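In what follows, a single structure is set out as structure tokens and then discussed.
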Amino acid sequence: MSAWMIRAGHGGVYAEDWLDKGKIGIGWDFGSKDIASMKREQIRATYLAEHPNESKNRVAAIVSQVYRFAHEMTQGQTVVMYDPASRLYHIGVITGDCVPTRDEDDPAYTRTVRWDTSASRDALKQSSKNSLGGIQTIFAVSDEVMNDLRSATGTLQPIPEEAAVEDASDDNEDARAATYDNGIELIKDRVNQLDWEDMERLVAGLLKAMGYCARITPKGPDGGRDVIASPDALGLESPRIVVEVKHRKGAMRAPAIRSFIGGLRANCLCSMVLRPVERLVFSPKER
């Protein structure tokens with residue numbers, strides 16, 4: 001029995017919906033034809049009829065992925081999906097066949113899944129993170145990586161047979177999107193490993209890269225001012241930016257943000273609120 005990794009769209013856009021509805025899907029449209037009954041060459045011919053100008057490499061890559069979803073993935077096999085919003089790998093069991101969908105908001109073809117458990121990305125080995133960052137939409141997961149996922153959850157059952165070998169990478173926009181998504185997650189991994197001093201240096205470096213003159217304030221009571229920046233070195237030009245760095249997992253809650261803003265001097269121009277695990281929010285305002 002094989003284990004499969006499937007991407008929930010660019011940036012994991014479908015992850016929450018797939019979890020709620022117990023499914024996985026692919027977006028390549030074949031006009032609602034029953035691709036589960038087609039052989040590989042029939043899938044290729046059908047796709048070429050709709051996309052005659054596609055390159056041979058792209059057609060080969062798409063046909064391989066579609067055939068895999070329709071035929072190689074079977075009921076009872078393990079499937080893994082990553083949700084970048086929660087930094088969790090969700091693990092489930094395929095329970096249904098490949099069927100076309102009619103809902104415009106759904107992928108073109110779906111399979112039902114029973115989602116059983118999840119594993120934190122932060123609990124995995126770096127080698128497992130790299131392996132799960134493959135560029136394809138669907139690819140096989142090795143026993144070694146599944147064992148690491150199992151260790152992170154403590155609830156998965158062993159996979160007795162060797163997983164299939166994934167296809168060679170291809171040069172197309174799907175691969176580039178997957179590479180981008182994986183790069184974002186690797187950046188998050190590195191940011192999560194920083195201590196508070198390194199986080200302050202990172203924020204100051206980002207502001208300098210944006211063209212500001214930025215400095216880290218001396219240690220000690222700073223009134224919530226960890227980094228100060230402005231367009232000029234003397235701090236005479238607008239906007240003047242005051243940053244309080246909070247390096248923690250999870251969202252910054254309203255009381256902490258209100259406390260920071262309330263502590264700003266009247267002549268300061270604005271704030272930068274950081275949620276380092278997910279995003280930076282930069283919002284200069286005139287006071």
Side-chain angles (χ1 to χ4, degrees), residues 3-27 73 77-95 105-107 110-139 141-142 144-157 174 177-196 199 202 245-257 273-282:
W4 303 100
M5 174 76 182
I6 184 167
R7 298 192 178 282
H10 182 31
V13 64
Y14 298 117
E16 184 177 355
D17 185 58
W18 288 3
L19 284 172
D20 290 342
K21 297 180 180 178
K23 65 182 180 183
I24 54 176
I26 55 173
M73 300 177 79
Q77 291 182 329
T78 299
V79 64
V80 181
M81 173 192 68
Y82 182 62
D83 181 4
S86 61
R87 290 177 63 78
L88 291 176
Y89 289 95
H90 298 280
I91 303 102
V93 176
I94 299 171
T95 59
D105 295 330
D106 282 341
T110 61
R111 285 179 172 274
T112 56
V113 171
R114 184 186 72 246
W115 297 110
D116 293 331
T117 188
S118 59
S120 170
R121 178 179 174 88
D122 296 328
L124 299 181
K125 300 175 183 176
Q126 187 59 49
S127 59
S128 297
K129 296 175 186 178
N130 294 340
S131 179
L132 292 169
I135 65 174
Q136 294 182 310
T137 300
I138 305 168
F139 55 90
V141 180
S142 70
E144 181 181 1
V145 174
M146 285 306 303
N147 286 336
D148 196 16
L149 286 166
R150 181 161 54 251
S151 297
T153 63
T155 57
L156 292 180
Q157 297 299 314
D174 299 318
T179 301
Y180 173 87
D181 290 342
N182 187 51
I184 293 297
E185 296 309 308
L186 291 174
I187 292 172
K188 292 180 186 178
D189 293 340
R190 293 297 298 272
V191 171
N192 279 335
Q193 295 169 6
L194 298 178
D195 60 25
W196 64 271
M199 190 64 195
L202 173 61
V245 180
K246 296 293 187 184
H247 187 33
R248 62 182 66 170
K249 294 183 179 180
M252 286 293 297
R253 302 301 177 187
I257 296 175
V273 178
L274 299 179
R275 186 178 177 183
V277 176
E278 293 191 10
R279 62 179 66 87
L280 300 180
V281 180
F282 177 45

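The structure presented is a predicted model; accordingly, all values stated were derived computationally and were not measured. One is the number of the first residue; the rest follow in order along the sequence. Just so you know, these numbers use all the heavy atoms, side chains as well, and skip hydrogens, waters and symmetry mates.
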Give a yes or no answer on whether the side chain of Trp115 reaches the backbone of Asp20 with a donor-acceptor pair at less than 3.5 Å.
no
Report the distance from atom CH2 of Trp4 to atom CD of Gln136, rounding to the nearest 0.5 Å.
10.0 Å
For Ala152 and Ala123, the nearest pair of non-hydrogen atoms, with its separation, is CB-CB, 4.0 Å
Flag the pair His90 / Tyr82 as yes when at least one side-chain heavy-atom distance between them is below 4.5 Å, and no otherwise.
no
When rounded to the nearest 0.5 Å, the distance separating CG of Leu88 from CE of Met81 is 9.5 Å
Does Ile91 reach the side chain of Thr78, with side-chain heavy atoms less than 4.5 Å apart?
yes
Would you mind reporting whether Asp106 and Lys23 have side-chain heavy atoms less than 4.5 Å apart?
yes
Ala15 and Ala8 have their tightest heavy-atom pair at N-CB, 3.6 Å
Taken in chain and number order and not counting sequence neighbours, the residues that satisfy side chain to side chain donor-acceptor pair (under 3.5 Å) with Ser127 are none
Measuring from atom OG of Ser118 to atom CZ of Arg87, what distance do you get when rounded to the nearest 0.5 angstrom?
13.5 Å
Do Ile24 and Met73 come close enough that some side-chain heavy atom pair is under 4.5 Å?
yes
Do Ile26 and Ile138 have side chains that approach each other closer than 4.5 Å (heavy atoms only, starting at C-beta)?
yes
Distance, nearest 0.5 Å, that separates CE of Met146 from OG of Ser151
10.5 Å
Could you tell me if the side chain of Asp116 sits less than 4.5 Å from the side chain of Val93, heavy atoms only?
yes
The criterion is side-chain contact (heavy atoms from CB on, under 4.5 Å); which residues satisfy it with Val13, sequence neighbours excluded?
none
So, does Asp148 use its side chain to make a donor-acceptor pair with the main chain of Lys125 at under 3.5 Å?
yes
When rounded to the nearest 0.5 angstrom, what distance separates CD in Glu144 from OG in Ser128?
6.5 Å
Are any non-hydrogen side-chain atoms of Leu124 and Tyr89 less than 4.5 angstrom apart?
yes
Indicate yes or no for a side-chain donor-acceptor contact from Thr153 to the backbone of Leu149 under 3.5 Å, with no hydrogens or angles considered.
yes
Rounding to 0.5 Å, atoms CZ (Phe139) and CD1 (Ile6) come to a distance of 10.5 Å
